[in-house]
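Counting convention: from 1, in listed order, for ligands and their atoms alike. One-based numbering along the sequence shown.
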Amino acid sequence: MKIYNISQKNLNSAANSILNGGVVAFPTETVYGLGALASNNEAINRVYEIKKRPKNNPLIVHIHSFKAIVSIVKYIPDYAYKLTEKFWPGPLTLVLPYKTSGKINARARANLDTVAIRIPNNPITLKLLKKINLPIIAPSANLSQHLSPTKATHVLKDLGSRLDPLKDMILDGGECNLGIESTVVDVTSDVPIILRLGGINSSVISKTLNIEVKIQKSLREKMKSPGMMKKHYSPKTELRLNAEMPIHGEVWLGFGKEIKKHDVKSKNLSVKGNIEEAAVNLYSMLRELDEHMAQRIAVAKIPNQGIGEAINDRLKRGAIKKSLIY
Ligand code: AMP
Ligand code: MG
């Protein structure tokens, strides 16, 4: 499987590949997505197979302009409209009531009567979506439950052997500039509920709407968003969080200025202590540390402000030892 750089020619080939039922990995501002036509049953099936994604985990529909939403959703509550105005294009996914005449494959929606939608904020993605001009599903381009890809090489490593070089493509748009998935908000009822923390901090959403937005904590009763499945986003190596320094058998993932008191393999999410930089580096550095096959990766305490909220959410999920299937 080859990685294609971004050129007019390669974007045209990628658009044609998707229109012909192929699967294309492309960059977004959050993480790399594995794109396919939202109406194509066969392509959707392949995306689930390639990712080994459980069938009950629905996919996010990506569109390039707000206009496209009319043919997909029944209605948009006023408060949700406010969110689209403020955060689209951007790392915000809205779960909305699905219009039965819509052309989004039922399997892509996991047979739910809702649909998750976003407009990504990356010029390459938007150009590609515009060329196709149809809704595209694009889950993260990694194996289910593993670390999301923030570079094209991550996609190649995870999925290269599972993609078809004659039909599919991997586009290289450089490193994703946010590095963490979108915030998923259920806006199907009177009050919004955050189903997955992500690129937009929950308090920013609360401030925008002038209400305290709820964050769905447990999915034991109702699995609203399997991205909230407890174990997710995880390296193969066990994680130890809020660590002060590594102990025997561990490698180290630091944050902020550190005086090195140890002699183990280490990475630093942001020497400057910049939380946005830490988000960009998170998955990539965890992947690198994972290669060392250490007993554990010890991770420094990460501040919970801004995108730190989502970083800590991912680290917590990655640290769970046994997969919990609800
Ligand atoms: P990913 O595609 O891997 O970034 O994950 C997409 C996230 O959106 C997952 O957490 C899904 O469970 C969630 N999602 C997609 N569609 C829906 C939906 N209709 N209702 C609730 N959550 C959804
Ligand atoms: Mg994912």
Side-chain angles (χ1 to χ4, degrees), residues 23 25-36 38 44 47-48 50-63 69 72-74 80 90-100 102 104-118 120 122 125 135-150 154-155 158-159 176 178-189 192-200 214-219 221-235 282-283 286-287 310 313-314 317-318 325-326:
V23 160
F26 55 75
T28 79
E29 83 278 32
T30 59
V31 301
Y32 271 73
L34 190 62
I44 303 282
V47 166
Y48 276 95
I50 289 165
K51 279 182 58 67
K52 296 192 188 169
R53 182 164 171 124
K55 292 184 189 75
N56 63 352
N57 192 354
L59 308 169
I60 296 174
V61 173
H62 291 61
I63 52 177
I69 210 169
I72 305 173
V73 309
K74 260 193 204 145
L92 173 78
T93 296
L94 295 181
V95 173
L96 286 152
Y98 180 63
K99 196 178 205 166
T100 39
I104 310 299
N105 180 273
R107 192 163 181 203
R109 293 179 288 107
N111 286 311
L112 297 168
D113 54 7
T114 54
V115 62
I117 305 186
R118 88 173 185 108
N122 173 308
T125 332
I136 298 299
I137 54 89
S140 50
N142 57 314
L143 288 173
S144 187
Q145 293 202 344
H146 291 176
L147 298 164
S148 295
T150 53
H154 298 161
V155 181
D158 279 17
L159 305 181
C176 298
L178 202 69
I180 293 245
E181 299 81 355
S182 60
T183 305
V184 180
V185 188
D186 180 350
V187 292
T188 55
S189 52
I193 302 166
I194 295 186
L195 302 180
R196 174 178 77 181
L197 295 168
I200 294 169
K214 272 197 277 177
I215 302 172
Q216 179 114 0
K217 288 256 159 61
S218 159
L219 291 171
E221 286 152 39
K222 196 173 180 190
M223 184 151 81
K224 273 238 157 181
S225 193
M228 297 281 281
M229 264 190 303
K230 279 215 159 168
K231 188 169 177 81
H232 219 97
Y233 315 108
S234 80
L282 178 71
Y283 290 135
L286 282 172
R287 277 175 184 264
D313 172 79
R314 302 304 187 264
R317 288 174 206 284
I325 311 289
Y326 298 105

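By the criterion of a heavy-atom distance under 4.0 Å, the side chain of V95, and not its backbone, is placed next to ligand 1. Residue contacts with ligand 1 for R53 involve side-chain atoms from C-beta outward but no N, CA, C or O (heavy atoms, distance under 4.0 Å). Of the heavy atoms in N57, only side-chain atoms (C-beta onward) come closer than 4.0 Å to ligand 1.
Residue-ligand proximity, P139 to ligand 1, at heavy-atom distances under 4.0 Å covers atoms 2 (O). Residue L195 approaches ligand 1 through these ligand atoms, each under 4.0 Å from one of its heavy atoms: 21 (C), 22 (N). In summary, the atoms of ligand 1 found under 4.0 Å from a heavy atom of L112, numbered by their order in the structure, are 18 (C), 19 (N), 20 (N). Within ligand 1, the atoms closer than 4.0 Å to a non-hydrogen atom of A116 are 15 (C), 16 (N), 17 (C), numbered from 1 in the order shown. Taking every heavy atom of I60 and a limit of under 4.0 angstrom, the matching atoms of ligand 1 come to 6 (C), 8 (O). Atoms of ligand 1 found under 4.0 Å from any heavy atom of R196, numbered from 1 in the order shown, are 1 (P), 4 (O), 5 (O), 6 (C), 7 (C).
The closest approach between a heavy atom of R109 and any atom of ligand 1 is not below 4.0 Å. No heavy atom of T93 sits closer than 4.0 Å to any atom of ligand 1.
You'll find the side chain of R287 reaches within 4.5 Å of the side chain of N142, heavy atoms only. For the pair H154/Y283, no side-chain contact is recorded, criterion being any heavy-atom separation below 4.5 Å from C-beta on.
Remark: D186 CG to T114 OG1 distance equals 7.0 Å, nearest 0.5 Å.
A salt bridge does not link K74 to D113: none of the charged nitrogens lies less than 4.0 Å from a carboxylate oxygen. With salt bridges taken as basic N to acidic carboxylate O contacts below 4.0 Å, one links R118 and E29.
With hydrogens and angles ignored, the 3.5 Å screen pairs no side-chain donor or acceptor of R107 with any backbone N or O of K55. Side chain of T183 to backbone of G198: a donor-acceptor contact under 3.5 angstrom is found. With hydrogens and angles ignored, the 3.5 Å screen pairs a side-chain donor or acceptor of R109 with a backbone N or O of I104.
For E181 and S140, the side-chain atoms include no donor-acceptor pair closer than 3.5 Å.
For ligand 1, the polar-atom distance check against K51 finds no nitrogen or oxygen pair separated by under 3.5 Å. Checked against a 3.5 angstrom limit, the closest N/O atoms of T114 and ligand 1 fall inside it.
The Mg ion (ligand 2) has no N, O or S atom of N142 under 2.8 Å away, backbone or side chain.
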